[in-house]
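Here the structure is laid out as structure tokens; the discussion comes afterwards.
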Amino acid sequence: MIIGEGGAGKTSLAKKIKELDETMKEVGGANLQGFREEIDQYTEIRNTIAELTNLLKDMNTLTPDIHSKSDFEELLNAIAQRLDE
């Protein structure tokens with residue numbers, strides 16, 4: 001599921017973005033710098049969560065016992081490597 005994607009249900013981030021977009025339309029184009037940055041920030045958070053979700057679902061996972069014994073080192077290394085790409 002990609003957060004905020006059609007059919008996935010509305011998340012609080014998607015609702016906040018929509019609310020800010022609607023507010024921008026109501027007030028016109030002047031002095032909107034704060035609104036635009038806030039929308040961009042919410043969009044970036046939503047995209048990062050979606051990327052992390054896709055990353056985790058695509059990983060070949062080890063058993064919980066293996067993760068526990070290694071203090072989740074394999075998982076953390078895989079996430080760090082993927083984020084560096």
Side-chain angles (χ1 to χ4, degrees):
M1 173 178 86
I2 296 177
I3 295 174
E5 193 172 80
K10 291 293 180 189
T11 66
S12 58
L13 288 174
K15 288 178 185 175
K16 187 67 175 178
I17 292 169
K18 182 178 179 184
E19 178 184 308
L20 290 168
D21 274 335
E22 289 171 359
T23 301
M24 285 176 58
K25 290 175 187 171
E26 291 174 10
V27 298
N31 301 317
L32 292 178
Q33 62 274 12
F35 288 105
R36 184 74 252 158
E37 284 85 4
E38 195 169 347
I39 288 174
D40 292 344
Q41 183 179 27
Y42 283 114
T43 301
E44 183 178 346
I45 292 168
R46 185 176 63 180
N47 290 338
T48 301
I49 292 170
E51 288 174 13
L52 180 59
T53 301
N54 284 331
L55 169 70
L56 293 174
K57 81 172 179 139
D58 289 340
M59 286 185 168
N60 290 327
T61 57
L62 303 174
T63 66
D65 287 337
I66 293 172
H67 282 303
S68 294
K69 288 177 186 174
S70 71
D71 286 331
F72 295 87
E73 185 176 353
E74 284 290 325
L75 182 60
L76 295 172
N77 288 340
I79 291 170
Q81 181 182 4
R82 190 75 176 258
L83 291 175
D84 286 340
E85 292 177 356

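Note that these values count all heavy atoms, side chains included, but never hydrogens, waters or copies made by symmetry.
Rounded to the nearest 0.5 angstrom, D84 CG and R82 CZ are separated by 12.0 Å. Annotation: the span from I66 atom CD1 to L75 atom CG amounts to 12.5 Å, rounded to 0.5 Å. Summarising the geometry, atom CD belonging to E44 is positioned 9.5 Å from atom CD belonging to E51; distances are rounded to the nearest 0.5 Å.
Enclosure of atom CD in Q41 is not indicated, since only 12 or fewer non-hydrogen atoms of other residues, nucleotides or ligands lie within 6.0 angstrom.
Using a 4.5 Å heavy-atom cutoff, the side chains of I17 and R46 are in contact. The side-chain heavy atoms of K16 and E38, taken from C-beta on, include a pair separated by under 4.5 Å.
In terms of heavy atoms, L52 sits closest to I79 at CD1-CG2, 4.5 Å.
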